[in-house]
Participant: 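What follows is a single structure, and I will ask about it in a moment.
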Amino acid sequence: MRILIISDIHANLEALEACLKAAPEHDRVFNLGDLVGYGANPNEVTERARTLGEVFVRGNHDKACTGQMSLDDFNPVAARAAIWTRERLSEDNMNFLRGLPQGPVTPLKDLQCVHGSPRDEDEYVLTGREAYSILERTAPQLTFFGHTHVQGAYWIDDMKDKEGVIAPRYTAGPGVQHFNFSLAKTAKYLANPGSIGQPRDGDPRAAFALYDGDAGNVTFYRVPYDIAGAQRKIIAAGLPERLATRLEEGQ
Ligand code: ZN
(Lines give C-alpha, C1' and ligand atoms only; values in the text may rest on other atoms or scores of the structure.)
Protein backbone atom coordinates (compact mmCIF):
# COMPACT_ATOMS: atom_id res chain seq x y z
CA MET A 1 0.00 0.00 0.00
CA ARG A 2 1.44 3.32 -1.12
CA ILE A 3 -0.13 6.43 0.33
CA LEU A 4 0.25 10.00 -0.81
CA ILE A 5 0.37 12.31 2.22
CA ILE A 6 -0.65 15.88 1.46
CA SER A 7 -1.17 18.87 3.74
CA ASP A 8 -1.68 22.61 3.91
CA ILE A 9 -2.64 23.20 0.30
CA HIS A 10 -4.06 26.58 1.28
CA ALA A 11 -6.02 27.20 -1.92
CA ASN A 12 -2.87 27.15 -4.06
CA LEU A 13 -4.03 25.35 -7.21
CA GLU A 14 -0.75 25.75 -9.10
CA ALA A 15 1.17 24.01 -6.32
CA LEU A 16 -1.41 21.24 -5.92
CA GLU A 17 -1.48 20.43 -9.64
CA ALA A 18 2.33 20.35 -9.79
CA CYS A 19 2.49 17.95 -6.83
CA LEU A 20 -0.13 15.63 -8.27
CA LYS A 21 1.76 15.56 -11.55
CA ALA A 22 5.01 14.78 -9.73
CA ALA A 23 3.49 12.20 -7.39
CA PRO A 24 4.52 8.59 -7.93
CA GLU A 25 1.94 5.83 -8.27
CA HIS A 26 -0.13 5.42 -5.14
CA ASP A 27 -3.19 3.63 -3.83
CA ARG A 28 -4.69 6.21 -1.47
CA VAL A 29 -4.41 9.87 -0.48
CA PHE A 30 -4.46 11.13 3.11
CA ASN A 31 -5.04 14.88 3.50
CA LEU A 32 -3.95 16.55 6.75
CA GLY A 33 -6.05 19.70 6.44
CA ASP A 34 -5.88 23.41 5.68
CA LEU A 35 -7.22 22.93 2.20
CA VAL A 36 -8.12 26.62 2.05
CA GLY A 37 -7.04 30.00 3.42
CA TYR A 38 -4.31 32.30 1.99
CA GLY A 39 -4.53 31.32 -1.68
CA ALA A 40 -6.79 32.45 -4.51
CA ASN A 41 -8.46 29.16 -5.52
CA PRO A 42 -10.41 27.80 -2.55
CA ASN A 43 -13.22 26.26 -4.61
CA GLU A 44 -10.99 24.70 -7.24
CA VAL A 45 -8.64 23.25 -4.62
CA THR A 46 -11.47 21.88 -2.47
CA GLU A 47 -13.08 20.23 -5.50
CA ARG A 48 -9.77 18.74 -6.64
CA ALA A 49 -8.92 17.49 -3.15
CA ARG A 50 -12.36 15.88 -2.83
CA THR A 51 -11.71 13.74 -5.90
CA LEU A 52 -8.42 12.44 -4.53
CA GLY A 53 -9.50 10.43 -1.52
CA GLU A 54 -11.66 10.00 1.49
CA VAL A 55 -9.25 10.45 4.39
CA PHE A 56 -9.12 14.00 5.74
CA VAL A 57 -8.61 15.86 8.99
CA ARG A 58 -9.64 19.46 9.39
CA GLY A 59 -7.17 22.31 9.79
CA ASN A 60 -7.56 25.56 11.68
CA HIS A 61 -8.00 27.47 8.41
CA ASP A 62 -10.73 25.07 7.30
CA LYS A 63 -12.51 25.91 10.56
CA ALA A 64 -11.88 29.65 10.31
CA CYS A 65 -12.93 29.92 6.67
CA THR A 66 -16.21 28.14 7.38
CA GLY A 67 -17.14 30.11 10.47
CA GLN A 68 -16.42 27.31 12.95
CA MET A 69 -13.68 29.18 14.75
CA SER A 70 -13.27 32.80 15.76
CA LEU A 71 -10.66 34.85 13.93
CA ASP A 72 -9.39 36.40 17.19
CA ASP A 73 -6.25 34.26 17.21
CA PHE A 74 -5.49 34.93 13.56
CA ASN A 75 -3.06 37.66 12.56
CA PRO A 76 -4.66 40.42 10.44
CA VAL A 77 -3.38 38.99 7.14
CA ALA A 78 -4.70 35.50 7.88
CA ALA A 79 -8.01 36.92 9.12
CA ARG A 80 -8.48 38.96 5.94
CA ALA A 81 -7.79 35.88 3.84
CA ALA A 82 -10.24 33.81 5.91
CA ILE A 83 -13.01 36.37 5.41
CA TRP A 84 -12.21 36.62 1.68
CA THR A 85 -12.41 32.81 1.43
CA ARG A 86 -15.64 32.58 3.42
CA GLU A 87 -17.31 35.00 1.02
CA ARG A 88 -16.30 32.96 -2.02
CA LEU A 89 -16.71 29.31 -1.05
CA SER A 90 -19.63 27.62 -2.79
CA GLU A 91 -22.31 26.23 -0.51
CA ASP A 92 -21.32 22.70 -1.45
CA ASN A 93 -17.62 23.25 -0.67
CA MET A 94 -18.49 25.13 2.51
CA ASN A 95 -20.54 22.16 3.69
CA PHE A 96 -17.82 19.73 2.77
CA LEU A 97 -15.17 21.69 4.68
CA ARG A 98 -17.49 22.05 7.68
CA GLY A 99 -17.87 18.29 7.76
CA LEU A 100 -14.15 17.49 7.88
CA PRO A 101 -13.35 15.45 10.99
CA GLN A 102 -11.21 16.56 13.87
CA GLY A 103 -7.97 14.57 14.14
CA PRO A 104 -6.67 12.14 15.06
CA VAL A 105 -8.17 9.86 12.44
CA THR A 106 -6.72 6.38 12.16
CA PRO A 107 -7.21 5.11 8.61
CA LEU A 108 -4.77 2.22 9.06
CA LYS A 109 -3.66 0.11 11.99
CA ASP A 110 -0.63 1.85 13.46
CA LEU A 111 -1.03 5.04 11.37
CA GLN A 112 -2.85 8.18 12.42
CA CYS A 113 -3.40 11.57 10.78
CA VAL A 114 -3.62 14.87 12.66
CA HIS A 115 -3.42 18.52 11.68
CA GLY A 116 -1.46 19.91 14.64
CA SER A 117 -0.73 17.09 17.09
CA PRO A 118 -2.52 14.04 18.52
CA ARG A 119 -3.27 15.93 21.74
CA ASP A 120 -4.40 19.22 20.21
CA GLU A 121 -5.47 19.75 16.62
CA ASP A 122 -4.22 23.35 16.71
CA GLU A 123 -0.82 22.74 18.35
CA TYR A 124 2.36 23.64 16.45
CA VAL A 125 5.00 20.92 16.84
CA LEU A 126 8.22 22.76 16.05
CA THR A 127 10.84 21.31 18.38
CA GLY A 128 12.24 17.91 19.17
CA ARG A 129 11.35 18.37 22.81
CA GLU A 130 7.66 18.81 22.01
CA ALA A 131 7.72 15.98 19.50
CA TYR A 132 9.39 13.47 21.82
CA SER A 133 6.99 14.14 24.67
CA ILE A 134 4.08 13.59 22.27
CA LEU A 135 5.62 10.41 20.87
CA GLU A 136 6.09 8.99 24.36
CA ARG A 137 2.31 9.09 24.76
CA THR A 138 1.42 8.02 21.22
CA ALA A 139 0.34 4.47 20.42
CA PRO A 140 0.50 4.23 16.59
CA GLN A 141 3.92 3.75 15.07
CA LEU A 142 3.37 6.50 12.54
CA THR A 143 1.68 9.88 13.01
CA PHE A 144 1.46 12.24 10.06
CA PHE A 145 0.95 15.88 10.99
CA GLY A 146 0.87 19.26 9.25
CA HIS A 147 0.16 22.80 10.45
CA THR A 148 3.77 24.01 10.80
CA HIS A 149 4.45 23.92 7.04
CA VAL A 150 7.91 22.49 7.83
CA GLN A 151 8.85 19.21 6.18
CA GLY A 152 10.62 16.60 8.29
CA ALA A 153 10.20 13.95 10.96
CA TYR A 154 10.92 13.19 14.62
CA TRP A 155 11.35 9.72 16.07
CA ILE A 156 11.90 7.92 19.35
CA ASP A 157 13.08 4.37 19.82
CA ASP A 158 12.32 3.14 23.33
CA MET A 159 14.16 -0.15 22.80
CA LYS A 160 17.39 1.65 22.08
CA ASP A 161 16.65 4.64 24.28
CA LYS A 162 17.27 6.99 21.36
CA GLU A 163 15.49 9.85 19.62
CA GLY A 164 16.19 12.05 16.65
CA VAL A 165 15.20 14.42 13.88
CA ILE A 166 15.05 13.66 10.18
CA ALA A 167 15.60 16.82 8.15
CA PRO A 168 15.45 16.08 4.43
CA ARG A 169 18.49 17.11 2.43
CA TYR A 170 18.17 17.88 -1.22
CA THR A 171 20.81 18.36 -3.84
CA ALA A 172 20.57 21.63 -5.72
CA GLY A 173 19.19 21.31 -9.20
CA PRO A 174 16.12 21.60 -11.36
CA GLY A 175 13.14 19.29 -11.35
CA VAL A 176 11.44 17.24 -8.67
CA GLN A 177 13.66 16.15 -5.77
CA HIS A 178 13.09 13.46 -3.19
CA PHE A 179 14.56 12.20 0.07
CA ASN A 180 13.81 8.77 1.49
CA PHE A 181 14.11 7.27 4.96
CA SER A 182 13.37 3.79 6.29
CA LEU A 183 11.14 3.17 9.28
CA ALA A 184 12.70 1.14 12.09
CA LYS A 185 10.24 -1.42 13.49
CA THR A 186 11.05 -0.50 17.08
CA ALA A 187 10.64 3.29 16.60
CA LYS A 188 7.67 5.67 16.53
CA TYR A 189 7.52 8.64 14.17
CA LEU A 190 5.91 12.04 13.86
CA ALA A 191 6.28 12.99 10.21
CA ASN A 192 5.29 16.18 8.44
CA PRO A 193 5.02 16.08 4.63
CA GLY A 194 5.46 19.86 4.51
CA SER A 195 3.03 22.30 2.92
CA ILE A 196 1.90 22.11 -0.66
CA GLY A 197 0.62 25.64 -0.91
CA GLN A 198 2.68 27.77 1.47
CA PRO A 199 6.02 26.23 2.57
CA ARG A 200 7.65 27.91 5.58
CA ASP A 201 10.91 26.00 5.86
CA GLY A 202 12.90 28.30 3.63
CA ASP A 203 12.35 26.16 0.53
CA PRO A 204 9.67 27.69 -1.70
CA ARG A 205 9.06 24.47 -3.61
CA ALA A 206 5.80 22.65 -2.91
CA ALA A 207 6.12 19.71 -0.50
CA PHE A 208 4.45 16.35 0.05
CA ALA A 209 5.32 12.81 1.11
CA LEU A 210 4.73 9.21 0.08
CA TYR A 211 4.39 6.42 2.65
CA ASP A 212 5.15 2.94 1.35
CA GLY A 213 3.73 0.45 3.84
CA ASP A 214 5.21 -2.62 2.16
CA ALA A 215 8.71 -1.21 1.83
CA GLY A 216 8.47 0.43 5.29
CA ASN A 217 9.68 3.83 4.24
CA VAL A 218 8.67 7.44 3.75
CA THR A 219 9.80 9.66 0.89
CA PHE A 220 9.70 13.45 1.08
CA TYR A 221 9.31 15.41 -2.15
CA ARG A 222 9.97 18.99 -3.28
CA VAL A 223 8.36 20.19 -6.46
CA PRO A 224 8.97 23.41 -8.40
CA TYR A 225 5.73 25.05 -9.49
CA ASP A 226 4.41 28.23 -11.09
CA ILE A 227 4.91 30.51 -8.08
CA ALA A 228 4.52 33.65 -10.21
CA GLY A 229 1.15 32.42 -11.45
CA ALA A 230 -0.12 31.78 -7.92
CA GLN A 231 1.18 35.21 -6.85
CA ARG A 232 -0.58 37.01 -9.71
CA LYS A 233 -3.88 35.44 -8.72
CA ILE A 234 -3.45 36.48 -5.08
CA ILE A 235 -2.79 40.10 -6.08
CA ALA A 236 -5.62 40.14 -8.65
CA ALA A 237 -8.01 38.77 -6.03
CA GLY A 238 -7.26 41.67 -3.69
CA LEU A 239 -5.79 39.38 -1.05
CA PRO A 240 -2.96 40.81 1.12
CA GLU A 241 0.27 41.25 -0.89
CA ARG A 242 2.29 39.54 1.84
CA LEU A 243 0.56 36.26 0.94
CA ALA A 244 2.09 36.54 -2.53
CA THR A 245 5.62 37.59 -1.52
CA ARG A 246 6.02 34.89 1.09
CA LEU A 247 5.48 32.17 -1.53
CA GLU A 248 8.78 32.94 -3.22
CA GLU A 249 10.56 33.17 0.14
CA GLY A 250 9.23 29.87 1.39
CA GLN A 251 8.50 31.58 4.71
ZN1 ZN B 1 -1.67 25.59 7.36
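All of these numbers come straight from a predicted model, not from anything done at the bench. First listed ligand is number 1; within each ligand, the first listed atom is number 1.
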Participant: Determine whether the side chains of Asn43 and Asn93 contain a donor N or O and an acceptor N or O closer than 3.5 Å.
Facilitator: yes

Participant: Is the distance between the ring centroids of His61 and Tyr38 under 6.0 Å?
Facilitator: yes

Participant: I'd like to know if Asp34 and Arg58 make a salt bridge, using a cut-off of under 4.0 Å between side-chain N and carboxylate O.
Facilitator: no

Participant: Strictly by modelled atom types, are Thr186 and Asp157 linked by a side-chain donor-acceptor pair under 3.5 Å?
Facilitator: yes

Participant: Examine His115 and say whether one of its N/O/S atoms is closer to the Zn ion (ligand 1) than 2.8 Å.
Facilitator: no

Participant: If you stand at the Zn ion (ligand 1) and look out to NE2 of His10 and OD1 of Asp8, what angle do those two lines make, to 10°?
Facilitator: 110°

Participant: Looking at the Zn ion (ligand 1), which N/O/S atom of Asp34 is the nearest one?
Facilitator: OD2

